[in-house]
Amino acid sequence: MSTEAAYVEAHPADIKAIEGVVAAVERTQRAKDAEGFLTLFHPDALWTTAHGKVLLGLDAIAGFTRAVLPAAVWDGDVTYEVIHTQFLRPDVAAVKVRQIYHAAEGDTEGAPLYVMTKQDDGRRLLHACQNTEVRKPR
């Protein structure tokens, strides 16, 4: 068995679709649009929040999101930027994102990892996600 990693070549249309999902995450977060955010998930998705809460399945993600997102308080804007995409298979991509909450008292950063799967209809959905808070050195 070879120890060399077999990487799948990225096609521009696939990269654009993935960037579109991340842009939709940003848009729905800014708008505190729980229902729009939830359309981005696979029904069997799993999500780990920045503070370590594990949510298994769309029902758990929906319950948490509907309770937390509309009531979220932040003064400023949030931006999401794809910083690396690695295709594990043509229909599965690991996507590293830089998330920044811009606020008057200073920015805070997150480092989400989204595993997206391509559906039969061509859509890419969030399937396994880990959102990690980036702590500034003291």
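The structure displayed is predicted, hence computed values, not measured ones.
From Leu46, atom CG reaches atom CD of Gln130 across 9.0 Å, with rounding to the nearest 0.5 Å. Taking OG1 of Thr65 as the start and CG of Leu55 as the end, the distance is 7.0 Å to the nearest 0.5 Å. Here the straight-line distance linking atom CG of Leu56 with atom CG of Asp44 works out to 10.5 Å at 0.5 Å rounding. Once rounded to the nearest 0.5 Å, the distance linking CE of Met116 with CG of Leu40 reads 8.5 Å. Note that the CD1 atom of Ile100 and the OG1 atom of Thr79 stand 5.0 Å from one another [nearest 0.5 Å]. Separating the CD atom in Gln86 from the CG atom in Leu113 is a distance of 10.0 Å, to the nearest 0.5 Å.
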### Chi angles and distances behind the side-chain contact (heavy atoms from CB on, under 4.5 Å) call for Glu133, His51
CA-CA 7 Å; Glu133 180 182 5; His51 301 290; 3.4 Å; yes
#### Entry: Pair Ile15-Phe87, side-chain contact (heavy atoms from CB on, under 4.5 Å): steps then yes or no
CA-CA 10 Å; Ile15 296 293; Phe87 284 86; 3.7 Å; yes
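In terms of heavy-atom proximity, Gln29 sits nearest to Leu69 at OE1-CD1, 3.7 Å. Residue Ala93 comes nearest to Thr85 through the heavy atom pair CB-CG2, 4.2 Å, listed as atom of the first residue, atom of the second, then distance. Among all heavy-atom pairs drawn from Thr48 and Val54, the shortest one is OG1-CG2, 4.0 Å. The two residues Asn131 and Pro112 have their closest heavy-atom pair at OD1-CG, 3.3 Å. The minimum heavy-atom distance linking Glu26 with Tyr80 is given by the pair OE1-N, 2.7 Å.
Formation of a donor-acceptor pair under 3.5 Å by the Arg30 side chain with backbone atoms of Val78 is found in this model.
In summary, Asp91 and Arg124 do not engage in a salt bridge, as defined by a charged side-chain N under 4.0 Å from a carboxylate O. In summary, Arg66 and Glu35 engage in a salt bridge, as defined by a charged side-chain N under 4.0 Å from a carboxylate O.
With contacts defined as side-chain heavy-atom distances shorter than 4.5 Å, the pair Val92/Val115 qualifies. Under the 4.5 Å side-chain criterion, counting only non-hydrogen atoms from C-beta, Val21 is not in contact with Leu125. In this structure the side chain of Arg27 never reaches within 4.5 angstrom of the side chain of Asp33, judged on heavy atoms. Counting heavy atoms from C-beta on, the side chains of Thr49 and Phe64 come closer than 4.5 Å. The shortest distance between side-chain heavy atoms of Lys118 and Asp14 falls below 4.5 Å. Two residues are said to be in side-chain contact when any heavy atoms from C-beta on lie closer than 4.5 Å; Ile18 and Tyr114 fail this criterion.
Cluster membership for Val68 and Leu58, using ILVMFWY side-chain heavy atoms within less than 4.5 angstrom, is shared.
The closest side-chain donor-acceptor pair between Thr117 and Gln119 falls under 3.5 angstrom. His102 and Asp107 are linked by a side-chain donor-acceptor pair at a separation below 3.5 angstrom, with hydrogens and angles left out of the test.
Ring-centre distance between Phe41 and Trp47: below the 6.0 Å cut-off.
In Asp121, the CG atom is crowded: over 12 heavy atoms of neighbouring residues, nucleotides or ligands sit closer than 6.0 Å. In this structure, Lys96 places its NZ atom where more than 12 heavy-atom neighbours from other residues, nucleotides or ligands lie under 6.0 Å away.
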